[in-house]
Structures are given as C-alpha cells and as structure tokens.
Colleague: 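Right, I'll just put the structure down here and ask away after.
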Amino acid sequence: MTIQIHNTLSGKKEALKTLEPGHVKLYVCGITSYDYCHIGHARSALAFDMIVRYLKYRGYKVTFVRNFTDIDDKIIARAKEQNTSSEELANRFINEFYTDMDKLGVDRPDIEPRATDHIKEMTDIISELIDKGLAYQAGNDVYYVVDSFPEYGKLSKRNIDDMKAGARISVNEQKNNPMDFVLWKGSKPGEPTWDSPWGPGRPGWHIECSAMSRKYLGETFDIHGGGQDLIFPHHENEIAQSEGANGKPFVNSWIHHGFVTIRHEKMSKSLGNFLTIRDILAHYHPEILRFFIFSTHYRNPLDFSETAMRDATAGLERLYECVASVDLLDSKAADKNAVSTLSAKDIKKLAELETRFQEAMDNDFNTAQAQGIFFDTVKTINRNQRKITDTSPAKDIQILKDATAVLKKLAAIMGILREDAQGFLSSRRDEMVADGDIDEKAIEMLIAERIQCRRDKNWSRSDEIRDELLAKNIELKDGPDGTTWSVKNN
RNA sequence: GGCGGCGUAGCCAAGUGGCCAAGGCAGUGGUCUGCAAAACCAUUAUUCAUCGGUUCGACUCCGAUCGCCGCCUCCA
C-alpha cells in the first residue's frame with residue numbers, strides 16, 4: 001500500500017512518488033513574522049508536523065524546509081509603529097513563534113531559512129528571468145511578465161482573461177500589464193534596502209520561496225505545502241518564477257490545508273474573532289488543541305468553539321483514562337493456570353490496530369478516521385480490561401499492555417498521548433482545581449470524612465458530601481480500590 | 001461576475017458505486033454501585049441538502065436547483 005496524497009495541482013489523490021527513492025523533499029511556507037501567531041498558524045504547523053512524522057514513521061527520509069518571511073510591507077509598517085527596526089521586530093516574533101511551537105511540541109524543520117539571508121539567491125533568479133525575457137525593470141521595480149508563462153493559473157485553476165475582467169487588481173502605473181507581479185521593489189526612503197542590479201530595494205514576497213526552495217531542495221522537488229489562501233497568488237507565482245527560470249517542473253505535489261474558522265467565518269482582526277495560540281494554550285492543554293485540530297481532515301475547514309474544545313477534551317481524556325487504567329494492571333498478580341478472559345475477536349482487533357491506522361493515514365493523512373480507530377481500540381481494551389482480575393493470566397495483561405503501547409506510538413504521530421497518563425489526568429485535575437474555589441486539601445478531608453460515613457452506613461451525610469463537592473465541580477468515583485475524584489468538564 | 005470547496009443523526013465527524021452508512025460528544029434503557037460517578041452492554045440516520053439522469057444497483061458518478069464558505073488585495 002502506498003501513501004495517497006491529494007495534489008492541488010491535479011485536483012486528485014495520487015500515490016506518493018519521490019524523485020529520490022525513499023526521500024521526501026518538502027517545502028512549506030512559514031510565517032511572516034510581524035505579530036503573534038494565531039490558531040490558523042497552529043493548524044498549519046501541526047498539519048505538517050503530523051505529515052512529516054507520518055512519512056518518517058512510514059520509513060521515508062524527509063528533508064523539511066520551512067521559511068520565515070522576515071521582510072515585508074507589514075513588517076516595515078509595524079516596526080515603524082513600534083519605533084523599532086524591521087529586523088528587530090521580525091526577530092522578536094520569530095522568537096515568539098518558537099515559544100508557541102515548543103509549547104505545542106512541534107518538531108523543528110530541518111532547515112528554516114530567512115528571506116533576508118537569501119537576497120543574493122533571489123536577485124540571481126530575477127536576473128535569470130530578465131535574461132530570458134520573462135521579467136522587466138520598470139522604474140526601480142522589476143516585474144514578472146505573466147503573459148510569458150502560458151501555464152499561469154494551472155494551480156489555482158483560473159485563466160488570465162477572467163482575472164483581468166475582475167476589478168480588484170490594483171492599478172500600478174509602472175506595470176506593463178495589470179497581472180504582472182513584482183519581483184523586486186525599489187526602496188522608499190527609510191525602508192530597509194539591499195543592493196541589486198536594479199538599484200537599492202527589497203525582494204517581493206513570492207520570489208523568496210522560489211529562491212530558498214531551489215537552494216535547499218533543488219529545481220524540482222516533491223511536495224510544497226501551505227494554507228489554502230496561498231494557492232493564489234503566492235503559489236501560482238512561485239510556479240511561474242521557478243518554472244520560468246529553471247525550465248523544468250517546480251513541484252510534483254501541492255498540499256494545502258483548510259482554515260480554522262470561528263463561528264464559521266475565517267478569522268480576521270477586523271471581525272474581532274482572532275485567537276492567538278497563546279490565548280488558547282492559556283485555557284487548554286496543547287494536546288487538547290492537537291486532538292481538536294486532527295479531529296477533521298486537514299483540508300476541511302475547522303470551526304473553533306468552546307463546545308468543540310470541550311468535546312476534544314472529553315475525547316482525549318477518554319484515551320488517557322484507558323491508558324492509565326491499563327498502566328495500573330501491573331500490580332495485579334498473575335496465576336499460571338488461569339483461563340484467559342480475552343475474546344479471540346478482540347485479540348485480533350487489537351492486533352490489527354496498526355494496519356488499520358496505516359490504512360487511514362495512507363489515505364491522504366486521514367487523522368479523523370485514525371482517531372475513530374483509536375476510540376475503537378480503547379473500547380476494545382476497556383471491555384477486556386475490566387474482566388482482568390487477580391487470577392488472570394499474565395498473557396492477557398501483556399496483550400492489553402502491548403495494544404496500549406502501540407496506541408501510544410501511533411498517537412504520538414499526531415502528538416497526543418505523549419504524557420504519562422496518570423500524570424496527564426492528575427495535572428489537568430490540579431489545573432482545574434486551581435481555577436475553582438476549593439483546594440485539594442479540603443477535598444481530601446471531605447473524602448476522608450465521607451469514607452468514614454460510608455463505613456458507618458451514614459448514607460445521608462455521605463451523599464451530602466458528594467453533592468457539596470459536585471456543586472464545586474468535583475466528581476467522586478467510588479471504586480474497588482477506594483474513592484477517587486476528578487474535576488467535571490463543563 | 002470568475003474559480004474552488006462544502007451540505008451525512010441534537011452537535012462534531014469518517015466513509016463509499018452493492019455486506020448492518022466508522023468514531024466522538026450529548027441522550028435513553030440496562031449491568032455495576034448503599035445510591036451515584038466512571039467503565040461496560042444495548043439503543044439513537046430505512047437515510048446521506050433538493051430534484052432529475054446514468055446504472056442491475058448511488059449517499060458515492062453526471063446535470064440542475066437551494067444553502068453555506070473560501071479565493072480572485074495581505075493572509076495559515
């Protein structure tokens with residue numbers, strides 16, 4: 001079975017074929033560093049983090065490049081506002097980006113080039129394009145001749161004539177044709193500049209990725225990724241630049257992920273529905289955010305809401321509860337002559353976990369389906385786990401433990417179930433207690449009192465204590481090994 | 001206006017030309033429990049926006065209609 005990936009260029013799922021056997025070369029457009037990252041950036045980072053981990057899990061070597069756009073109109077404008085330099089502002093938000101990524105547990109790409117470190121590579125490509133007659137200087141700027149690239153529009157599935165008819169293309173006196181896009185911008189006073197054959201200036205946005213991907217991955221590489229909003233014009237322009245300059249195919253497969261919406265609308269500052277990664281992480285454990293993001297396929301829109309996060313919390317806790325209870329099975333004694341209580345059907349199902357997971361993930365990284373398989377596995381484990389007693393054979397316990405180990409290994413590809421289960425559950429509990437109006441000592445004392453009441457069969461006081469705690473969102477669970485408690489999600 | 005995508009149970013969400021349309025959350029009944037909670041078992045879409053067409057057969061393919069979203073300007 002091969003990995004199938006939806007390719008934006010062809011509009012179809014295609015079997016992954018790498019130029020170099022067993023080696024995937026991947027380029028993803030990173031952030032423009034002028035502000036804190038929002039949940040949409042988180043989705044992008046997490047989607048490609050998952051994809052890279054899965055490819056590695058499937059035995060591929062992956063060279064993953066993700067750039068930083070550290071020079072751009074927005075950076076210049078923001079730096080001016082804050083009375084600082086573009087460089088300083090960009091560096092500051094790159095650091096903030098790393099802070100967020102580290103909290104989310106996102107692995108670093110192999111190479112993280114910054115645009116401003118690659119000006120030479122960019123001016124080289126621009127010169128090549130001019131030499132080939134695909135670009136021209138106008139005033140202090142350089143533009144790409146869109147009409148010279150007949151395949152323009154092949155990624156975004158549009159044609160130039162339709163676009164020309166649209167009224168939203170900015171008119172620029174310098175351009176020969178309104179569709180032409182800028183490769184090099186002559187500098188205005190006070191802006192950061194670099195020398196070039198066309199005078200002092202700075203690169204356009206699109207040329208960065210053509211230059212940096214060529215430097216690190218070559219003229220043709222396997223996969224290029226980004227958000228769906230980058231399809232046009234950014235990626236369309238990259239194709240025109242790179243294929244124009246190199247005279248060969250740029251990228252074999254394009255992966256574009258969907259947006260995070262809030263109240264079913266794309267986030268934007270003007271709508272006031274803008275949530276940063278740190279806003280979210282202030283309220284939710286990073287694995288909850290990951291679980292939520294992978295609850296739908298990466299290309300679908302994903303609507304953020306409190307309800308959705310609560311569902312994700314419940315789901316992730318369900319997985320952790322299962323792992324935690326299997327972890328505890330260790331303490332049980334095992335009798336050699338014991339009869340297995342596991343059903344053959346369930347043993348088979350557990351054995352098939354990894355295959356089922358691969359089938360889901362091979363199908364264009366279907367994490368939603370994979371999560372369904374996790375739950376199915378948990379149900380199977382729980383069903384059998386509760387039948388385990390002191391006299392169960394060691395083999396039964398081992399089968400459940402093995403299945404849990406596989407579950408954790410596979411979940412780690414999505415970056416979940418990476419913590420110690422008991423630790424995760426109790427630390428979540430502690431956090432929630434800290435938010436509430438009762439402390440742990442008081443809870444323990446009430447529980448101790450209640451245990452005595454129950455011994456005395458003083459049910460009314462016992463229930464009173466339970467209700468009292470429930471009113472403060474503390475739920476008691478009386479099990480064979482005593483009373484445990486948790487904080488109710490709501 | 002052009003282009004792309006989506007519409008599956010109360011909510012979220014997989015899936016597919018033909019066995020019972022995954023799974024989660026919520027709900028209901030039961031087991032367990034002093035009673036609960038958790039867990040487990042059972043149950044919850046004769047139906048996949050609507051209407052046509054292709055087919056022996058479609059939720060899945062094609063067309064139209066309605067609704068929603070995105071891109072066409074910076075954007076993950």
Side-chain angles (χ1 to χ4, degrees), chain A residues 8 11 28-32 34-35 37-48 69 72-74 77 153 155-159 161-170 205 225-234 236 256-261 264-269 291-292 295-297 299-303 305 307-308 310-319 321-322 325 356 360 363 366-379 381-387 453-454 457-460 462-463 466-467 470 474-480 483-486 488-489:
Chain A
T8 308
V28 173
C29 293
I31 59 160
T32 298
Y34 74 106
D35 206 342
C37 286
H38 55 65
I39 182 173
H41 297 111
R43 187 181 195 187
S44 177
L46 292 173
F48 289 105
T69 295
D72 153 280
D73 289 344
K74 287 189 297 288
L155 181 69
S156 55
K157 317 277 190 280
R158 344 174 158 225
N159 72 66
D161 294 336
D162 287 344
M163 286 188 280
K164 282 178 181 164
R168 302 180 69 183
I169 293 156
S170 61
W205 175 37
Q228 278 169 356
D229 53 348
L230 298 183
I231 294 171
F232 189 89
H234 185 54
E236 197 68 60
H256 291 101
H257 67 262
F259 291 114
V260 178
T261 59
H264 302 285
E265 281 178 319
K266 187 177 167 180
M267 277 191 297
S268 76
K269 287 181 179 172
F291 191 82
F292 163 68
S295 68
T296 189
H297 184 88
R299 276 190 296 117
N300 290 158
L302 175 62
D303 197 52
S305 66
T307 314
R310 194 174 55 215
D311 285 358
T313 304
L316 185 62
E317 284 185 350
R318 183 171 160 77
L319 300 184
E321 299 267 9
C322 170
S325 63
R356 294 173 72 204
N363 185 11
N366 194 333
T367 54
Q369 196 183 347
Q371 286 188 354
I373 292 164
F374 291 165
F375 282 116
D376 201 39
T377 302
V378 161
K379 186 181 254 187
I381 291 173
N382 282 342
R383 178 166 53 218
N384 290 283
Q385 181 264 132
R386 66 200 290 273
K387 291 189 220 151
C453 289
R454 295 183 73 221
K457 302 214 188 296
N458 180 356
W459 307 126
S460 63
S462 162
D463 291 352
R466 188 170 60 200
D467 292 344
L470 193 60
I474 307 297
E475 253 176 344
L476 298 186
K477 296 169 195 178
D478 298 325
T483 299
T484 60
W485 60 278
S486 63
K488 215 171 136 188
N489 292 312

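Chain identifiers are assigned alphabetically (A, B, ...) following the order of the sequence lines, protein sequences preceding nucleic acid strands; residue numbering begins at 1 within each chain.
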Colleague: Go ahead and name the base partner of B/C3; Watson-Crick or wobble counts if both distances stay under 3.5 Å, otherwise write none.
Modeller: B/G70
Colleague: Is the ring centre of A/F259 under 5.5 Å from the base ring centre of B/A76, and are the two planes under 30° apart, so that they stack?
Modeller: no
Colleague: Could you tell me whether a side-chain N or O of A/E236 sits under 3.5 Å from a main-chain N or O of A/L155, the two making a donor and an acceptor?
Modeller: yes
Colleague: Any carboxylate oxygen within less than 4.0 angstrom of a Lys/Arg side-chain nitrogen, looking at A/D35 and A/K74?
Modeller: no
Colleague: Backbone N or O of A/A360 within a donor-acceptor pair of the A/Q369 side chain at under 3.5 Å?
Modeller: no
Colleague: Searching all strands shown, indicate the nucleotide that pairs with B/C51 (Watson-Crick or G-U wobble; both distances under 3.5 Å).
Modeller: B/G63
Colleague: Please find the pair of heavy atoms, one from A/T296 and one from A/P301, that lie closest to each other, and give the distance.
Modeller: CG2-O, 4.2 Å
Colleague: When we call it a touch if two heavy atoms are under 4.0 Å apart, what does A/H234 touch: a base, just sugar-phosphate, or nothing?
Modeller: nothing
Colleague: Which nucleotide sits closest to the side chain of A/V260: B/A76, B/G34, B/G24?
Modeller: B/A76
Colleague: When all nucleic acid strands are considered with a 4.0 Å heavy-atom cut-off, which category describes A/A368: base, sugar-phosphate, or nothing?
Modeller: base
Colleague: Got a donor-acceptor pair under 3.5 Å from the side chain of A/R466 to the base of B/C35?
Modeller: yes
Colleague: Taking atom P in both B/G63 and B/C68, what distance in whole Å separates the two?
Modeller: 22 Å
Colleague: If you look at every heavy atom in A/H41 and A/I31, which pair is closest and at what distance?
Modeller: CD2-CG2, 3.6 Å
Colleague: Using purine N1 to pyrimidine N3 plus N6-O4 or O6-N4 for Watson-Crick, or N1-O2 and O6-N3 for G-U wobble, each under 3.5 Å, what pairs with B/C25?
Modeller: B/G10
Colleague: List, with names and distances, any nitrogen or oxygen atoms from the protein found under 3.5 Å away from nitrogen or oxygen atoms belonging to nucleotides 15-20 of chain B.
Modeller:
| residue | atom | partner | partner atom | Å |
| --- | --- | --- | --- | --- |
| B/G15 | OP1 | A/N366 | ND2 | 2.5 |

Colleague: So A/G372, base contact, sugar-phosphate only, or nothing? Heavy-atom distance under 4.0 Å.
Modeller: base
Colleague: Hey, does the side-chain of A/S462 have a donor or acceptor N/O within less than 3.5 Å of a partner on the base of B/G34?
Modeller: yes
Colleague: Base, sugar-phosphate, or nothing: which does A/L230 touch, judged by heavy atoms less than 4.0 Å apart?
Modeller: sugar-phosphate
Colleague: Of the listed nucleotides (B/C3, B/G23, B/A14), which one gets closest to any side-chain atom of A/K157?
Modeller: B/C3
Colleague: Can you tell me the base-pairing partner of B/C20? Count Watson-Crick or G-U wobble geometry only, both distances below 3.5 Å, and say none if there is no partner.
Modeller: none
Colleague: Which residues satisfy the side-chain contact (heavy atoms from CB on, under 4.5 Å) test with A/D463, sequence neighbours excluded?
Modeller: A/R466
Colleague: Write down the distance separating the C1' atoms in B/U46 and B/C41, rounded off to the nearest Å.
Modeller: 25 Å
Colleague: Taking atom types as they are modelled, is there a donor-acceptor pair under 3.5 Å from the base of B/G2 to the side chain of A/N159?
Modeller: no
Colleague: Measure from the side-chain N and O atoms of A/R43 to the backbone N and O of A/F259, and report whether any donor-acceptor pair falls under 3.5 Å.
Modeller: yes
Colleague: At under 4.0 Å between heavy atoms, which parts of nucleotides 37-43 of chain B does protein reach? Answer with one letter per nucleotide, 5' to 3': B base, S sugar-phosphate only, - none.
Modeller: BSBSS--
Colleague: If you measure from the P atom in B/C59 to the same atom in B/A21, how many Å do you get, rounded?
Modeller: 12 Å
Colleague: Looking at the side chain of A/T296, which of B/G2, B/A14, B/G34 is the nearest nucleotide?
Modeller: B/A14
Colleague: Scan every strand shown for a Watson-Crick or G-U wobble partner of B/U31, both distances under 3.5 Å, and answer none if you come up empty.
Modeller: B/A39
Colleague: Would you mind telling me which residue lines up with the more 5' stretch of RNA chain B, A/D311 or A/R299, judged by nearest nucleotide?
Modeller: A/R299
Colleague: In whole Å, what separates the C1' atom of B/U8 from that of B/A45?
Modeller: 8 Å
Colleague: Roughly how far apart, to the nearest Å, are B/G18 and B/C32 at atom P?
Modeller: 43 Å
Colleague: Between the side chain of A/S305 and the main-chain N/O of A/A308, is any donor-acceptor distance below 3.5 Å?
Modeller: yes
Colleague: Quick one: does any side-chain atom of A/R454 pair with a main-chain N or O of A/S462 as donor and acceptor, under 3.5 Å?
Modeller: no
